[in-house]
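Here is the structure we will look at, set down as structure tokens.
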Amino acid sequence: MEDQKPDDFKRELGLLDGTMLVVGSMIGSGIFIVSSDMVRQLGSAGWLIAMWVLTGAITVIAAVSYGELSAMFPKAGGQYVYIKEAYGKLVGFLYGWSFFAVIQTGTIAAVGVAFAKFAAYLYAPLSDKNILYEIGDFKLNAAQIVSIFTIILLSYVNSRGVKNSKILQTVLTVVKVLSLAGLIVFGFIAADGAVWDANWANAWSAQSLNVDTGEWLPIGGLALISGISAAFVGSQFSSVAWEGVTFIAGEIKNPKRNVGLSLFLGTLIVSVIYILANVMYLAVVPLFNIATAESDRVAVVASQTIFGSVGTLIIAVMIMISTFACNNGLIMAGARVYYTMAQDGLFFKKAAQLNKASVPAWSIWAQCIWASALCLTGKYGDLLDFVVIIVLIFYILTIYGIFILRKKMPNAERPYKAFGYPVLPALYILITVAICMALLYTKPTTCGWGVLIMLIGIPVYYLTKAKE
């Protein structure tokens, strides 16, 4: 049952398509928004850039480590397959359960909500302030309808075959990378020397902003650790979803080479863009204005400084393209995990079927329904905290899986070996464990709920197993 018809998928995706999926899935709304809260938490140019450099470095380390696993198991399901092979079916199920309940669907919902937030710039009635229906405490607003509509539309496109979604992904990703690059270049041209000097005057003096009084308060010790972990949620959320290309390995040409290469190229491109974008913000916007940007839309403030009043519209259109492409990649990749789980008897049987277009349509629509339901919660910030803690836990488990599989399968074919093994993978694990512990300490409510949802998967696994 485990390897039933693995070649039913059509191998129609090349290295460019794989790289564009990584880039397109990573760049959503985060880079345009999260730096505002990061500056509120840490209050210095040096710490802001350090967070983005650290995030970029550990993301690339993780991605190149995944290269070994993707070459060993070049089939649909990616990270789920690696976890199941290293730890067995229970942990594989826990990943798949968390992936469906929170990771993929929560990210799709958060990105959909961000799309709607910026669509309201172009047409005000689409705002979340436009309440369409109210019953008790529940309020249905126009932004939720917009986000759900985009998820349904993209699910439909993906259910029609991988070729359509691949073309859409590549075109939109190229457009958003070029537009982000343009924003960065024009930002450096419009750089203000006085703003730059002021922002870097006390580059390493960490401080947090008291939003009520508008005063900066110096921080150190536990308060600094708390600030770093809170800031890291933003940069880390902006840098997740790169592993999506491993889920569609069954549709990639020469997957043993191209999956790992896509991971490396994609994460490197995005990390460089993110660091440059933040250096640009510091060149045109005073630190206090970054921290107090309306609705955290730091890119809008930067764009208004660079382009004047039309800047708001430029950013709104960029983010709409960016989030649309991001969700297309997430929807395309996610469904392949449920398909592979179903083949292993760990998900609904119907999810194991491909339609006439050789795509797992049932999985696509199941994912669509739950992500749409999560949109109705409408809480972007809480969705981020839920998602990030679980994503990091499974990144740690997957990379530790490399050590396990080296012992468990010493003679398995490894066309590519993890770069810098064992030092870099071990370094990644240590840094990420420290970040997870800090997150649980500083955000026990939201991160705790995320971990609880993951652990609920254990009784669910045994209950469903008993019925087999």
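Annotation: side chain to side chain donor-acceptor pair (under 3.5 Å) contacts of Tyr95 (sequence neighbours excluded): Gln79. With sequence neighbours excluded, the residues satisfying side chain to side chain donor-acceptor pair (under 3.5 Å) with Arg414 are Glu68. Shown here are the side chain to side chain contact (heavy atoms under 4.5 Å, CB included) partners of Lys163, two or more places apart in sequence or in another chain: Glu12, Ile167. Remark: Ser70 engages Tyr82, Val259 in a side chain to side chain contact (heavy atoms under 4.5 Å, CB included) (not counting sequence neighbours). A search for side chain to side chain contact (heavy atoms under 4.5 Å, CB included) contacts involving Leu452 returns Trp449, Ile456, not counting sequence neighbours. For Val423, there are no side chain to side chain contact (heavy atoms under 4.5 Å, CB included) partners, not counting sequence neighbours. Take Ser179 and apply the side chain to side chain donor-acceptor pair (under 3.5 Å) test, not counting sequence neighbours, and it matches no residue. The side chain to side chain donor-acceptor pair (under 3.5 Å) test applied to Trp97 returns no partner, not counting sequence neighbours. With sequence neighbours excluded, the residues forming a salt bridge (Lys or Arg N to Asp or Glu O under 4.0 Å) with Glu413 are Lys256, listed by chain and number.
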Practice prompt. Take Phe324 and Ile319, measure what side-chain contact (heavy atoms from CB on, under 4.5 Å) needs, and give me the verdict at the end.
Written response: CA-CA 8 Å; Phe324 200 73; Ile319 294 183; over 6 Å; no
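The list of salt bridge (charged side-chain N to carboxylate O under 4.0 Å, His left out) pairs with a residue in residues 295-305, not counting sequence neighbours, reads Arg40-Asp296.
A salt bridge is defined here as a Lys NZ or Arg NE, NH1 or NH2 lying under 4.0 Å from an Asp or Glu carboxylate O, and Asp344 with Lys84 meets this definition. We find that Glu251 and Arg336 are joined by a salt bridge, their nearest charged nitrogen and carboxylate oxygen being less than 4.0 Å apart.
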Under 3.5 Å, which donor-acceptor pairs link side chains of residues 430-440 to any protein atom two or more places apart or in another chain?
{"residue": "Thr432", "atom": "OG1", "partner": "Tyr428", "partner atom": "O", "Å": "2.7"}

Tell me which donor-acceptor pairs under 3.5 Å the side chains of residues 53-60 have, and how far apart each pair is, sequence neighbours excluded?
{"residue": "Thr55", "atom": "OG1", "partner": "Met51", "partner atom": "O", "Å": "2.7"}
{"residue": "Thr55", "atom": "OG1", "partner": "Ser235", "partner atom": "OG", "Å": "2.9"}
{"residue": "Thr59", "atom": "OG1", "partner": "Thr55", "partner atom": "O", "Å": "2.6"}

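Of all the heavy atoms in Ile389 and Gly450, the pair that sits closest is CG2-CA, 4.4 Å.
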